[in-house]
Amino acid sequence: MKSPATGAGGTASAATATNGEGVEKKSINPELWQACAGPLVNLPAAGTHVVYFPQGHSEQVAASMKKDVDAQIPNYPNLPSKLLCLLHNVTLHADPETDEVYAQMTLQPVSSFDKDALLRSDLALKSNKPQTEFFCKTLTASDTSTHGGFSVPRRAAEKIFPPLDFSMQPPAQELVARDLHDNVWTFRHIYRGQPKRHLLTTGWSLFISGKRLFAGDSVLFIR
């Protein structure tokens, strides 16, 4: 997905599973979704109250569709500038082409509310964000070369990946990962070289080509 903070290329995501064990099929992993969305994104929980701004929403839609600045933006003259709504449902999504994450929400306007309800919703919002360990790396030309592999920072590999068996020479294991769309990717994780470093080799080039990644894009892994 295009990075709104830096504009530096795209982001593809894979959630690290186990060293070769079977992985149960799931919907979008909320921790992976949140890590891709970034620390500034907070999703309210279903059953809480939110304030909806119709005009702001229409402007965001227009911007996301890359319309010209002078293009007509839909407006809602018969709606108030903001609506208090009850949030019925939140569904996580990711664009199949770009891996850009977004959420679909079902809202019902309410005519009255009390301050305690809003306070409870605000507290739920602060406590609803998943906390997880992950690492994100901007890809280099070497990382995206079809002849090489992905160089994993040592601390990231030790923190996120299952531990290697260093009695093996060289230490290596198979990693099974699922991306945002629940597609399975298998990588060979090996510790080798001079100086020694953690690498993802076999399977990495398939991931690079499948996600159409280039130097400057980013990849994110969670445990």
Side-chain angles (χ1 to χ4, degrees), residues 1-3 6-38 92-101 130-223:
M1 80 183 168
K2 294 302 177 184
S3 168
T6 63
T11 301
S13 308
T16 301
T18 60
N19 47 348
E21 300 293 334
V23 184
E24 182 182 355
K25 186 179 177 71
K26 299 180 180 179
S27 58
I28 286 184
N29 182 300
E31 290 83 7
L32 180 58
W33 189 98
Q34 182 66 63
C36 293
L92 305 181
H93 297 277
D95 187 281
E97 296 296 324
T98 65
D99 276 357
E100 183 173 5
V101 295
Q131 299 295 326
T132 189
E133 298 287 352
F134 68 90
F135 82 84
C136 183
K137 181 187 177 185
T138 301
L139 299 176
T140 65
S142 176
D143 290 328
T144 56
S145 169
T146 56
H147 304 292
F150 176 52
S151 179
V152 185
R154 180 179 62 83
R155 289 186 179 181
E158 293 174 352
K159 189 175 184 180
I160 303 300
F161 293 165
L164 287 167
D165 180 359
F166 284 92
S167 66
M168 299 172 58
Q169 290 301 324
Q173 66 180 333
E174 182 182 80
L175 293 180
V176 177
R178 288 189 184 274
D179 65 15
L180 282 162
H181 312 286
D182 212 32
N183 298 316
V184 176
W185 302 89
T186 303
F187 306 110
R188 180 172 173 78
H189 171 209
I190 191 168
Y191 185 65
R192 70 180 187 193
Q194 290 295 332
K196 292 188 180 298
R197 55 181 178 153
H198 292 270
L199 295 168
L200 297 185
T201 55
T202 304
W204 178 251
S205 61
L206 292 176
F207 183 74
I208 288 291
S209 60
K211 295 289 186 179
R212 298 191 296 276
L213 298 177
F214 299 93
D217 291 341
S218 298
V219 65
L220 182 149
F221 281 89
I222 69 171
R223 176 72 178 268

List the atom of [X], the atom of [Y], and the distance in Å for their closest heavy-atom pair.
{"X": "A157", "Y": "H198", "answer": "CB-CG, 3.5 Å"}
{"X": "L199", "Y": "S151", "answer": "CD2-CA, 3.7 Å"}
{"X": "A141", "Y": "A215", "answer": "N-CB, 3.7 Å"}
{"X": "N183", "Y": "W185", "answer": "O-CD1, 3.4 Å"}
{"X": "R178", "Y": "L32", "answer": "O-CD2, 4.2 Å"}
{"X": "P170", "Y": "I190", "answer": "CG-CD1, 3.6 Å"}

Between [atom1] of [X] and [atom2] of [Y], what distance do you get to the nearest 0.5 Å?
{"X": "K211", "Y": "T98", "atom1": "NZ", "atom2": "OG1", "result": "9.5 Å"}
{"X": "D179", "Y": "F221", "atom1": "CG", "atom2": "CZ", "result": "10.5 Å"}
{"X": "T144", "Y": "D217", "atom1": "OG1", "atom2": "CG", "result": "8.5 Å"}
{"X": "E31", "Y": "R223", "atom1": "CD", "atom2": "CZ", "result": "14.0 Å"}
{"X": "F161", "Y": "F187", "atom1": "CZ", "atom2": "CZ", "result": "8.5 Å"}
{"X": "I208", "Y": "L213", "atom1": "CD1", "atom2": "CG", "result": "4.5 Å"}

_Stepwise side-chain contact (heavy atoms from CB on, under 4.5 Å) check, V101 with L92_ = CA-CA 8 Å; V101 295; L92 305 181; over 6 Å; no
Sub-4.5 Å side-chain heavy-atom contact between [X] and [Y]:
{"X": "H181", "Y": "D99", "value": "yes"}
{"X": "C36", "Y": "L180", "value": "yes"}
{"X": "F207", "Y": "V219", "value": "yes"}

*For Q173 and P162, indicate whether the former's side chain and the latter's backbone hold a donor-acceptor pair under 3.5 Å.*
yes
*Sequence neighbours left out, what pairs pass salt bridge (charged side-chain N to carboxylate O under 4.0 Å, His left out) with at least one residue falling in residues 156-168?*
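Listed by first then second residue: E133-K159, R154-E158.
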*asked:* Going by side chain to side chain donor-acceptor pair (under 3.5 Å), name the residues that satisfy it together with R192, two or more places apart in sequence or in a different chain.
replied: none
*Output all residues satisfying side chain to side chain donor-acceptor pair (under 3.5 Å) with R188, sequence neighbours left out; order by chain, then residue number.*
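None.
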_Please determine whether a side-chain nitrogen of the Lys or Arg among K137 and D143 lies less than 4.0 Å from a carboxylate oxygen of the Asp or Glu._
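Counted as a salt bridge, because a side-chain N and a carboxylate O are separated by less than 4.0 Å.
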